[in-house]
Amino acid sequence: MATSAPAPSCCDLLTTSQVVEPRLAASGSLLLSLPLGTYAMAAAPSLTWGGTALWRKAELHVTLLATEAANTCRDAGVDVVGLARRFQWRISRPGDGALLAEDDGEQRRSLVEWIKLPDFDVFRERVATAAGTRLPGTLPHITQYASTPRGIGLPDMATITRLRKADLRLPGIGERPPPRRPLVELRKDYQDGCTLLPPDLALQLGEHGQAVDAWLDHNDARSATILSAADPFGQQAHAGGNRLRHALLQSVLEREGIRALTVPGREDDDTRFDATWCLLDVEPARLDALLRAWEQFAAIRVTHGQPVELVAHPGLRD
């Protein structure tokens with residue numbers, strides 16, 4: 001599977017809304033083809049979910065009519081392409097996604113991005129009426145990653161419900177402002193948590209210790225920043241979604257040459273997982289971009305010779 005198409009960084013927030021054109025695919029399905037440079041989500045050629053490799057799609061599209069539905073309408077004499085061209089297909093991207101799994105012989109997996117396509121349902125109703133048939137409801141989406149070239153079809157809501165294993169916020173797509181929180185409350189939350197320089201050096205806000213400076217010296221760094229990829233804006237997320245967000249953040253850090261160490265955490269059942277990173281010598285402007293893209297209230301930062309500080313999301317600093 002081709003995986004070399006360029007993609008923007010997950011930190012370059014995408015709020016795309018542009019007109020795209022419909023076309024018939026070789027299979028007969030009716031698609032909106034999307035430019036990779038605009039709609040590709042991440043730089044990583046592959047991600048791993050539950051031991052399965054997901055590959056970044058070499059082409060992106062939105063399915064307006066699946067093959068069977070498109071063929072049924074065309075057999076009834078409906079010019080589905082002509083009808084689709086009467087609409088202005090503007091896509092907006094809230095930044096919500098889902099992990100899908102089809103446990104058939106191939107055990108297919110995919111990561112999809114849910115999009116807003118205002119005329120999607122109206123078009124499907126009109127084409128169904130013209131063909132004298134009925135089309136089931138479904139959700140417009142972009143498949144960003146898939147374990148097989150065939151991907152997973154989502155012809156109806158029943159299929160979506162059956163295959164939808166975990167919802168997650170997709171970093172870097174559609175910026176949301178943080179909920180308002182007093183900094184004193186944030187400081188308490190982060191102070192109460194177990195903030196570590198890996199593997200086990202505890203940090204305390206407002207304090208400075210020689211052990212921290214020694215740790216920085218050992219890692220040839222002037223600063224270290226603890227940043228989570230989990231639970232955007234404090235909303236508890238599915239463990240599978242958090243793990244994939246962790247992998248996405250890793251891909252961005254590797255692409256941008258940011259040195260990073262993973263910080264292990266534990267689930268309620270005491271199983272370990274990786275959902276936090278320790279970034280070495282990351283620039284303040286880049287940290288702000290990461291806080292925005294990963295929708296985190298704050299990060300913990302230590303600088304050689306200085307007290308441990310809380311770096312709040314840019315939207316919480318006024």
Side-chain angles (χ1 to χ4, degrees), residues 5 7-8 14-41 56-100 102 108 110-146 148-164 167-170 173-176:
L14 305 175
T15 55
T16 310
S17 178
Q18 71 180 76
V19 177
V20 288
E21 288 291 320
R23 70 172 178 86
L24 281 176
S27 65
S29 58
L30 181 64
L31 310 177
L32 298 176
S33 293
L34 305 177
L36 281 172
T38 303
Y39 286 92
M41 190 185 75
R56 180 155 50 83
K57 294 290 295 297
E59 63 83 29
L60 297 177
H61 64 264
V62 179
T63 300
L64 297 178
L65 295 171
T67 300
E68 183 177 353
N71 287 341
T72 296
C73 295
R74 292 168 64 202
D75 289 345
V78 179
D79 178 6
V80 295
V81 175
L83 184 55
R85 285 177 176 162
R86 298 179 189 176
F87 293 82
Q88 280 210 331
W89 296 104
R90 291 189 178 274
I91 295 171
S92 61
R93 310 174 71 182
D96 296 311
L99 290 165
L100 309 176
E102 175 66 276
R108 290 172 290 155
S110 66
L111 171 61
V112 302
E113 174 190 348
W114 306 122
I115 60 171
K116 298 294 185 184
L117 198 59
D119 290 327
F120 182 76
D121 291 333
V122 174
F123 165 75
R124 287 172 62 87
E125 289 174 4
R126 287 191 186 176
V127 76
T129 299
T133 188
R134 297 184 65 183
L135 297 177
T138 187
L139 296 177
H141 64 278
I142 303 168
T143 299
Q144 293 280 355
Y145 285 82
T148 66
R150 187 158 63 95
I152 302 178
L154 301 177
D156 51 52
M157 292 304 299
T159 301
I160 291 174
T161 299
R162 178 173 61 86
L163 302 182
R164 194 171 182 168
D167 293 324
L168 71 157
R169 286 287 299 168
L170 301 178
I173 299 177
E175 181 178 1
R176 295 190 305 174

Under the criterion side chain to side chain donor-acceptor pair (under 3.5 Å), I'd like the reasoning laid out for Thr159 against Asp156: C-alpha separation, chi angles, the key distance, then a yes or no.
CA-CA 6 Å; Thr159 301; Asp156 51 52; 2.7 Å; yes
Rounded to the nearest 0.5 Å, what separates atom CG in Leu111 from atom CG in Leu170?
5.5 Å
Rounded to the nearest 0.5 Å, how far apart are CG of Leu135 and CG of Leu65?
6.5 Å
Candidate pair Ser29 and Thr63, rule side chain to side chain donor-acceptor pair (under 3.5 Å), full reasoning
CA-CA 7 Å; Ser29 58; Thr63 300; 5.6 Å; no
Is the backbone N or O of Tyr39 less than 3.5 Å from a side-chain atom of Gln144, with the two atoms forming a donor-acceptor pair by type?
yes
Results of side chain to side chain donor-acceptor pair (under 3.5 Å) for Thr138 - residues two or more places apart only:
none
At what distance, to the nearest 0.5 angstrom, does CD of Glu125 lie from CG of Asp119?
11.0 Å
Say you draw a straight line from OG1 of Thr143 to CD of Glu59; how long is it, rounded to the nearest 0.5 Å?
9.0 Å
Under the criterion side chain to side chain contact (heavy atoms under 4.5 Å, CB included), I'd like the reasoning laid out for Met157 against Leu139: C-alpha separation, chi angles, the key distance, then a yes or no.
CA-CA 7 Å; Met157 292 304 299; Leu139 296 177; 3.8 Å; yes
Heavy-atom donor-acceptor pair, Arg93 side chain to Ile115 backbone, under 3.5 Å
no
Output for pair (Arg164 CZ, Trp114 CH2), nearest 0.5 Å, gives 5.0 Å
State whether the side chain of Arg124 and the backbone N or O of Leu64 hold a donor-acceptor pair below 3.5 Å, judged by distance alone.
yes
Side chain to side chain contact (heavy atoms under 4.5 Å, CB included) test vs His61 passes for just one of Leu32, Ile142, Leu31, namely Leu31
The reported gap from CG in Leu100 to NE2 in His141 (rounded to nearest 0.5 angstrom) is 7.5 Å
